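On a predicted model such as this, the values are computed, not experimentally measured, just so you know.
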Amino acid sequence: MADSARHLLAEMRRELAATAGDNAFVELVVAGRATEDALHRYANEEQLIFTSDWGSYLSLAGRCTAPDTRQFFMGLALGEAMGLTGLATLSAALGVDEDSRRAHQPAPLCQAYPAYTAWLALNADPADVVAALLANFPGWSGTFAALAGALRKHHGLDDQACAFLDSLSAPNAQLEEQGIGILDQRLATGWVPDTARHYARFLRTYDLLFWNSLVDTSE
């Protein structure tokens, strides 16, 4: 059954494959044309997302009756909590201080992504969420890798400042294997991944809405 789960994820990832022009903000940073205000906005919006997703993953873990699925979401929640520490370092390197953080007004379209994750935490079959997240991991990792490289090249950030982005620049192999095991078990009991495909597409769409809204609101 492992091959079935891997085959499913490969199909879903092909459906979500990035195309040129999808992510205007990252392309702006890679080109060296991102303003200081845009980078500050990114850091402040990202903090709100990580804080919200931390709670969403804990909620999902609390809804799970299967220990392995609960552990999967607990691992994600721990990653969000640890990520907030690294994000604080990145934010400081970008020049974000407490005054600018307190003054920041969240952009509604940027926060649509964590709002949807919170909806999934309340309503979705955890297996569908596992599949949707795993399907998106490679795309998200590529985004953070591009950002890390561009911030080093164009803004002189060092490894310590980019540690947050570096930690997200490759899918977590342990989480991936955990997730595949969960999906294997559900496939064996008749689980159908149609809803998971919808969730994966929505996550991808809301993620791109976040990045592209950073450009819209920074102009």
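Cys110 and Glu45 get closest at one heavy-atom pair: CB-OE1, 3.5 Å. In terms of heavy atoms, Asp22 sits closest to Ala17 at OD2-O, 4.4 Å. For Ser141 against Pro171, the heavy-atom pair with the smallest separation is OG-N, 3.3 Å.
A salt bridge links Glu11 and Arg197; the closest N-O separation between the charged side-chain nitrogens and carboxylate oxygens is under 4.0 Å.
Residue Pro193 is tested with Leu183, Leu9, Leu8 for a side chain to side chain contact (heavy atoms under 4.5 Å, CB included); the sole match is Leu8.
Taking the six-membered ring for Trp and thresholds of 30 and 60 degrees, Trp211 and Phe25 have nearly parallel ring planes, at less than 30 degrees apart. Between Tyr206 and Phe202, the angle of the ring planes goes over 60°, which puts this pair in the perpendicular group of the 30/60° scheme. Relative orientation of the Phe73 and Tyr57 rings is parallel, given thresholds of 30° and 60° on the angle between their planes.
When the side chain to side chain contact (heavy atoms under 4.5 Å, CB included) test is applied to Leu157, the partners found at least two apart in sequence or on another chain are Leu90, Ala93, Leu94, Leu151, His155, Ala161, Cys162.
Taking the six-membered ring where the residue is Trp, the centroids of Tyr113 and Phe210 are separated by 6.0 Å or more.
Around CD of Gln160, the count of heavy atoms belonging to other residues, nucleotides or ligands within 6.0 Å does not exceed 12.
Defined by atom type and a distance below 3.5 Å, a donor-acceptor pair is present between the side-chain atoms of Asp97 and Ser100.
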